[in-house]
Amino acid sequence: MVEARPERQDLAAGSDFPFGKAKGMVFPRTVLVGHGVIQELGAMCHQFGFPTQGAVVTGPRTAELAGNRATEILAADGFQVRTVIAHEATGLEVDRVGAEVRAHQARFVVGVGGGSKIDITKVVAARLGIPFVSLPTSAAHDGISSPRASLHDSESVTSTVGAVPMGVLADTALIVQAPYRLLASGCADVVSNVTAILDWRLAVRLRSEEYSSTAANLSEYAAHEIIDHAASIKPNLEESVWIAIRPILVAGIAMSVAGSSRPCSGSEHLFSHALDRVSSHPSLHGEQCGVGAIMMMYLHGGDWHRLKNALLTIGAPTTAQELGVTNDEVIQALVMAHAIRPDRYTILGDNGLTREAAERLASVTGVIQ
Ligand SMILES: [Zn+2]
């Protein structure tokens with residue numbers, strides 16, 4: 001992500017320049033969404049002018065579903081491609097995959113798989129300074145088109161900056177084959193933008209934080225697209241993927257415009273990160289953020305019933321039990337959430353919730369019974 005160049009702003013501050021703002025934004029160049037778009041992979045890579053040597057990074061299961069096909073399509077289009085099988089998204093795995101991609105002298109890389117394989121690919125591409133194409137086989141969160149990557153180590157999950165994909169191929173015929181739970185989780189992640197934006201506006205009012213109305217509007221638009229079409233998002237229906245995937249991609253674009261995850265990550269994400277730390281069996285990122293958004297909307301005094309109903313309609317979790325975590329883990333996560341990322345000001349404030357307030361919040365919203 002290219003940040004604003006401070007020297008330009010300094011230049012304006014101390015002189016009579018009437019205007020000195022500057023900001024860079026990095027977006028995908030081509031996004032193809034729809035039935036069978038995997039077939040366009042070779043043409044897309046030629047259009048980008050990629051050299052012959054490339055690599056496909058995929059998982060053991062996603063190789064069979066789409067990774068091997070991606071390699072075949074590229075080979076038929078004249079590319080020399082090495083398939084690299086990636087496993088868990090850890091720092092060590094990024095090093096190993098990066099070394100294999102480099103050994104093949106790949107000049108571009110295609111990530112084929114779920115969130116973790118795409119995350120590994122975006123970090124490898126950023127480190128090697130080569131372009132990458134994102135070919136998701138599921139849509140469990142909003143990271144398909146964003147530069148943010150989540151890497152795990154033995155104790156925690158860290159958010160790392162990777163490359164923005166040059167191209168995105170979201171093939172609805174592939175994504176509909178993934179377990180429906182993943183798509184519902186991706187939708188819940190986008191629904192949770194609603195509270196992220198309320199937190200952002202609060203931080204603007206209380207902390208004069210930098211704000212982008214374009215990014216905020218894109219993020220809210222994405223959330224409302226999912227909420228308004230919740231009844232049309234169901235299992236085993238390719239059109240559901242079509243309806244859900246575009247807002248998921250727009251959420252990624254909102255982050256590109258803002259130059260940070262701010263438009264799509266507020267107190268509900270802090271709750272999810274806290275739950276990852278305290279729970280012995282944390283759930284999917286998007287699912288946890290959806291449940292977090294119900295509770296944070298209550299704190300904002302907003303219409304939390306509407307969020308909850310949208311999640312229920314989609315079939316995403318709305319309770320601790322459905323997340324597979326204990327009531328106590330939810331309370332612990334609520335109490336510690338404000339401390340996860342102190343620079344991100346939210347409705348949780350500087351001191352967070354007391355245990356009593358957390359218990360009340362979780363029970364009033366029906367997250368714990
Ligand atoms: Zn998220």
Side-chain angles (χ1 to χ4, degrees), residues 88-91 115-116 118-119 122-123 140-143 146-162 185-186 188-200 202-203 209 219 251-252 255 258 260-300 307 311 316-318 320 322-353 355 358 361-362 365 367-368:
E88 291 287 291
T90 62
S116 65
I118 303 287
D119 279 0
K122 62 175 82 156
V123 179
H141 58 68
D142 59 21
S146 84
R148 307 299 309 184
S150 296
L151 298 184
H152 305 244
D153 60 35
S154 53
E155 277 167 10
S156 64
V157 183
T158 49
S159 181
T160 313
V161 178
S185 171
D189 196 16
V190 177
V191 166
S192 84
N193 289 1
V194 174
T195 46
I197 295 299
L198 291 175
D199 284 326
W200 196 7
L202 185 69
E209 197 177 296
S219 167
M255 289 187 265
S260 80
S261 60
R262 197 37 143 151
C264 304
S265 172
S267 48
E268 73 300 318
H269 272 64
L270 297 178
F271 165 73
S272 172
H273 296 319
L275 201 50
D276 284 337
R277 292 197 191 174
V278 300
S279 173
S280 47
H281 295 96
S283 197
L284 295 175
H285 166 85
E287 293 181 334
Q288 296 184 162
C289 293
V291 172
I294 297 170
M295 295 189 284
M296 300 311 155
M297 191 54 130
Y298 177 89
L299 292 182
H300 275 288
L307 291 190
L311 295 172
T318 60
E322 286 167 354
L323 284 176
V325 300
T326 66
N327 288 356
D328 191 56
E329 285 167 346
V330 166
I331 305 303
Q332 281 184 55
L334 282 172
V335 169
M336 74 183 278
H338 70 286
I340 294 285
R341 194 175 165 179
D343 62 315
R344 179 141 295 180
Y345 193 78
T346 71
I347 191 73
L348 297 169
D350 291 321
N351 296 322
L353 300 179
R355 194 173 165 91
L361 170 61
T365 50
V367 171
I368 65 171

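This one's a predicted model, so the numbers in the text were calculated from it and none came from an experiment.
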J.: Is there a donor-acceptor pair closer than 3.5 Å between any side-chain N or O of N327 and the backbone N or O of I368?
T.: no
J.: Do the side chains of H338 and T346 get nearer than 4.5 Å, heavy atoms only?
T.: no
J.: If you compare all heavy atoms of S150 against all heavy atoms of A89, which two are closest, and at what distance to 0.1 Å?
T.: O-CB, 3.8 Å
J.: Can V191 and L307 be said to form a side chain to side chain contact (heavy atoms under 4.5 Å, CB included), step by step?
T.: CA-CA 7 Å; V191 166; L307 291 190; 3.8 Å; yes
J.: Should the ring pair H285 and H141 be called parallel, tilted or perpendicular, given that the plane angle runs from 0 to 90° and is split at 30 and 60?
T.: perpendicular
J.: Taking all non-hydrogen atoms of both residues into account, name the closest pair between L348 and M296 and its distance.
T.: CD2-SD, 4.1 Å
J.: With sequence neighbours excluded, tell me which residues meet side chain to side chain donor-acceptor pair (under 3.5 Å) with E268.
T.: T195
J.: Side-chain contact, heavy-atom cut-off 4.5 Å: R344 with S265?
T.: yes
J.: Ignoring hydrogens and angles, tell me if any N or O in the side chain of D189 forms a donor-acceptor pair with the backbone of D142 under 3.5 Å.
T.: yes
J.: Work out which heavy atom in P282 is nearest to a heavy atom in D276; give both atom names and the distance.
T.: CB-OD1, 3.4 Å
J.: Mind checking the CZ-CE spacing from R148 to M255? Nearest 0.5 Å is all I need.
T.: 8.5 Å
J.: Does the side chain of M297 come within less than 4.5 Å of V194's, by heavy atoms?
T.: yes
J.: Show the numbers, then the answer: is there a side chain to side chain contact (heavy atoms under 4.5 Å, CB included) between S279 and Q288?
T.: CA-CA 11 Å; S279 173; Q288 296 184 162; 5.8 Å; no
J.: To the nearest 0.5 Å, what is the distance between CD1 on I347 and CG on D199?
T.: 6.5 Å
J.: Judged by atom type as modelled, is there a donor-acceptor pair below 3.5 Å linking the side chain of S185 to the main-chain atoms of A140?
T.: yes
J.: At what distance, to the nearest 0.5 angstrom, does CG of L202 lie from NE2 of H300?
T.: 6.0 Å
J.: Which heavy-atom pair separates A258 from P263 by the least distance, and what is that distance?
T.: CB-CG, 3.5 Å
J.: Just by modelled atom types, is the T326 backbone N or O under 3.5 Å from a matching donor or acceptor in the E329 side chain?
T.: yes
J.: Give me the one residue out of C264, S192, S261 that meets side-chain contact (heavy atoms from CB on, under 4.5 Å) with H269.
T.: S192
J.: Is a side-chain donor or acceptor of K122 paired with a backbone partner of G143 at a separation under 3.5 angstrom?
T.: yes
J.: Could you pull out all residues at least two apart from N351 that satisfy side-chain contact (heavy atoms from CB on, under 4.5 Å)?
T.: none
J.: Step by step, would you call L323 with V291 a side chain to side chain contact (heavy atoms under 4.5 Å, CB included)?
T.: CA-CA 9 Å; L323 284 176; V291 172; 3.8 Å; yes
J.: May I have the step-by-step check of side chain to side chain contact (heavy atoms under 4.5 Å, CB included) for L270 and R341, ending in yes or no?
T.: CA-CA 7 Å; L270 297 178; R341 194 175 165 179; 3.7 Å; yes
J.: To check you understand the geometry: which heavy-atom pair defines the closest contact between R262 and Y345, and what is its length?
T.: NH2-O, 2.7 Å
J.: So, for A274 and I340, which heavy atoms are closest and what is the spacing to 0.1 Å?
T.: CA-CD1, 3.8 Å
J.: Is there side-chain contact between Q332 and V330, with heavy atoms separated by less than 4.5 Å?
T.: no
J.: Roughly how far, to the nearest 0.5 Å, is CD of E322 from CD of E287?
T.: 9.5 Å
